[in-house]
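Small disclaimer: the values here were computed from a predicted structure and weren't measured. In the text below, chain A, chain B and the rest are named by the order of the sequence lines, each starting its count at 1.
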Amino acid sequence: MSAPAQSKSLKAIGEDTWKNKTEKVNAELFTLTYGAIVSQLCADYDRDFQKVNNHLFSMGYNIGVRLVEDFLARTALPRCENMVKTSEMISKCAFKIFLNMTPQVTNWSSEKDAFSLMLDENPLSDFVELPMDAMKQLWYSNVLSGVLKGALEMVQLDCDVWFVSDILKGDPQTELRIKLNKVLKDEVPIGED
Amino acid sequence: MVNLSSNMKLIFDVETPSYKQGKRFRNTIVRNPSVMPQYFAIIGKKDNPIYEAEFTSQQGQQGQLQQGFQQNLKELNAFILHASLDIVEDLQWQVSPNAQHGRGGLSGGFLRSKNVNNTDNCYLGKVDHFYGLAITAYITYGGMKLVMIHGGPPNGNTQIDDNMVKSFYQEVHELYVKTLMNPFYKVNEPIPSPAFDSRVRALAKKYLNR
Amino acid sequence: MKSKEDINQSDKKMDRPNVASNAPTVADTQEMTEQQKLQHQLQIFQNSLPKVSQTAYMMLLNECVPLSMAVERKRGDCNSKLDRNCDDEVSQAGEQLQKIHVSPPLDPPSHQLCRELYEADEEKHNRVLDRLRNIGFEIGNKITELLVFSNNPNLQFKDMDLLSVMKFICRDVWRQMFNKQIDNLKTNHRGTFYLFDYDYQPIQSFALDSESSEKELQMVKPFLEIAVGVIKGVLASIGHAPEDVICLASYVDRPDEKPKASFTKGVSFHVQITM
């Protein structure tokens with residue numbers, strides 16, 4: 001199947017699943033809930049934002065390892081052969097189905113093992129303004145990094161996922177980077193029994 | 001709900017200094033007929049102001065920028081507003097005549113609904129006046145009181161354009177809700193955001209000062 | 001054995017306000033059409049609001065439980081070592097990680113954290129539950145301003161019309177969060193309320209084996225605490241300080257006429273407000 005044709009159908013699958021097979025809640029409620037979680041973490045750690053970042057990542061990881069099952073069940077998509085297909089799956093399908101977003105895929109590395117997602121809209125961080133101390137250190141949407149890491153690990157891809165920039169910190173855009181470390185060969189992922 | 005302490009009512013007592021200040025206040029307005037400022041505040045649950053701002057029109061004699069309320073009388077604004085809070089709370093307790101129509105409908109919508117005019121019921125209109133200055137008010141669903149003193153022309157009472165004022169309140173209400181969505185903002189705390197302030201001022205320019 | 005109503009025997013007869021019906025009581029045809037129009041408009045508006053998937057939302061909500069346990073764990077660890085050492089270690093590790101972009105240290109997996117929570121001593125357990133209630137409280141406290149009061153846009157503050165507020169929670173808040181309303185509301189009209197949700201959304205996916213063992217029920221119980229916080233938060237935003245509100249969640253049997261659900265127990269929220 002040629003690449004453009006497949007990416008079109010991925011987009012169609014994503015939109016169709018979102019429209020017809022997904023129960024929805026208001027994004028504002030989602031924003032409010034995530035905000036309450038971040039706020040509680042900041043209080044717990046007395047604004048030690050490094051620890052908050054780590055917990056958000058962990059939380060995301062634990063969500064991601066389960067969320068990917070839901071994703072695969074809903075879409076019945078086959079495994080991706082390479083990172084290019086993976087990136088399309090993530091941006092056109094996964095983000096669409098869960099968050100109704102389609103981030104842009106850019107900044108490919110020369111070996112095609114790393115790419116960036118540009119999040120121009122982000123339901124997690126709507127209406128959020130970071131106080132000065134948080135702006136320097138807090139990656140507000142870090143749960144997303146964790147979710148992607150956990151989800152990708154479940155499909156045998158060991159990746160690093162991290163935020164490069166964030167509008168909330170005053171950067172011009174929000175960029176999330178994904179880099180493949182290695183393909184896991186039937187290894188049992190960390191922590192599973 | 002705690003009733004506002006009645007010592008706030010002293011402002012209307014003839015003998016208190018504030019009363020005399022009030023007269024002076026009004027006379028200031030009389031002497032500068034083109035001064036048309038508004039003093040706007042958002043009052044929290046404990047009668048604490050969480051936001052205050054003064055808006056002035058740009059009209060000035062010979063192109064000068066208006067001064068707004070005179071410095072030594074600015075404190076009076078807070079008094080006036082607090083006195084009005086009694087009346088605002090009384091109005092809170094009344095059932096709006098529109099409530100009957102609302103029965104059984106309008107369930108579960110989010111605030112930003114210009115099509116479904118739920119915030120119509122929040123606007124209380126002119127609730128009081130003080131030496132020809134009008135005071136309008138608006139209550140949000142969470143019990144935040146938006147109050148405003150309208151300075152105006154000295155000949156009798158200030159005219160309030162209800163539609164414009166209501167629109168102003170409604171849009172400030174929306175801004176407030178957006179502020180609430182910020183997890184770093186705690187309810188009932190002052191609103192420090194300069195972005196909020198500049199947006200409120202822009203709304204004031206749009207709706208209040210022609 | 002019907003243990004559905006853990007009603008305090010000394011309370012008077014509990015009334016059952018009709019929560020589910022949205023039908024207007026005024027019979028005037030003209031008004032009906034007007035209200036239908038408004039409902040229709042509201043529906044269109046609701047559908048136009050930005051959305052996310054409920055799965056994503058539920059997973060986020062539920063993950064708060066293991067997260068809160070993980071926080072408790074980490075704080076416990078830091079307290080046992082010298083605080084300074086712990087902070088230094090973390091911040092050094094953090095800096096290094098930022099340079100290499102290797103993933104930050106992960107907390108244990110969710111099911112392990114849930115088990116740890118179940119096995120934790122009472123003090124620890126309560127701290128975790130407190131954390132969950134705080135999160136719920138934050139949500140509840142702000143959600144009031146976001147939602148329109150259903151029957152009474154101009155809320156009556158006098159006499160604190162509690163019933164309207166509770167109906168608001170049962171209808172609007174629950175529907176926003178869980179896509180369904182509270183199934184049953186009972187009150188003695190003196191500040192005590194029972195909210196029954198026989199198909200409490202967040203726990204539906206937790207399959208228990210048919211015996212519904214006590215241990216498993218206990219392990220799921222923390223997942224009710226965020227809703228407890230939400231209820232308290234909504235009440236606080238109307239003026240009922242959290243000190244005046246007691247809210248407790250417990251399991252109840254589902255009524256026989258309800259179709260079989262994946263989770264065998266319903267949930268009841270007992271709310272008591274001191275005036």
TODO: Decide side-chain contact (heavy atoms from CB on, under 4.5 Å) for C:Thr55 and A:Arg74; before the verdict, give the C-alpha distance in whole Å, the side-chain angles of both, and the deciding distance to 0.1 Å.
DONE: CA-CA 11 Å; C:Thr55 309; A:Arg74 254 181 238 264; 2.6 Å; yes
- [ ] Check the pair C:Arg131 / A:Asp44 against side-chain contact (heavy atoms from CB on, under 4.5 Å), numbers first and verdict last.
- [x] CA-CA 9 Å; C:Arg131 208 165 272 133; A:Asp44 279 323; 3.0 Å; yes
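If you take CE on A:Met59 and CG on C:Leu67, they are separated by 5.0 Å, rounding to the nearest 0.5 Å. One finds the CD atom of A:Gln40 at 11.5 Å from the CZ atom of C:Arg133 (value rounded to the nearest 0.5 Å). Note that CE of C:Met59 and CZ of A:Phe98 are 8.0 Å apart. Values are rounded to the nearest 0.5 Å. Taken from CG in A:Leu29 to CD1 in C:Ile139, the straight-line distance is 7.0 Å, to the nearest 0.5 Å. One finds the OG atom of C:Ser68 at 8.0 Å from the CG atom of A:Leu41 (value rounded to the nearest 0.5 Å).
Atom CD of C:Gln204 has more than 12 neighbouring heavy atoms from other residues, nucleotides or ligands inside a 6.0 Å radius. Around atom NZ of C:Lys180, more than 12 heavy atoms belonging to other residues, nucleotides or ligands sit under 6.0 Å away. Counted within 6.0 Å of CD on C:Glu119, heavy atoms from surrounding residues, nucleotides or ligands total more than 12; the atom is thus considered enclosed.
Between C:Glu63 and A:Arg66, at least one side-chain N (NZ, or NE/NH1/NH2) sits under 4.0 Å from a carboxylate O, which counts as a salt bridge.
Residues A:Tyr45 and C:Val71 approach most closely at OH-CA, 3.6 Å, considering heavy atoms. Considering all non-hydrogen atoms of both residues, C:Leu60 and A:Phe30 come closest at CD2-CE1, 3.8 Å.
Listed for the A:Asn26 side chain is no donor-acceptor partner under 3.5 Å among the backbone atoms of C:Gln176. The main-chain N or O of C:Pro108 is found under 3.5 Å from a side-chain atom of A:Asn62 such that the two form a donor-acceptor pair. For the pair A:Ser58 (side chain) and C:Asp107 (backbone), a donor-acceptor distance under 3.5 Å is present.
Of the listed residues (C:Met177, C:Glu138, C:Gln54), the one with the most heavy-atom contacts under 4.5 Å to chain A is C:Gln54. Between chain C and the options A:His55, A:Arg177, A:Met101, heavy-atom pairs under 4.5 Å are most frequent for A:His55. Here A:Val25 is the residue among A:Thr22, A:Asp70, A:Val25, A:Ile97 with the most heavy-atom pairs under 4.5 Å with chain C. Heavy-atom pairs under 4.5 Å with chain A peak, among C:Asn134, C:Asn141, C:Val230, at C:Asn134. Heavy-atom pairs under 4.5 Å with chain A peak, among C:Leu113, C:Ile226, C:Asn179, at C:Asn179.
A heavy-atom distance below 4.5 Å is not found between the side chains of C:Pro50 and A:Asn100. Side-chain contact between A:Trp18 and C:Ser53 is present, with at least one heavy-atom pair separated by less than 4.5 Å. Between A:Thr33 and C:Tyr57 the shortest side-chain heavy-atom distance falls below 4.5 Å. Side-chain contact between A:Lys24 and C:Val52: absent, with no pair of heavy atoms (C-beta onward) separated by less than 4.5 Å.
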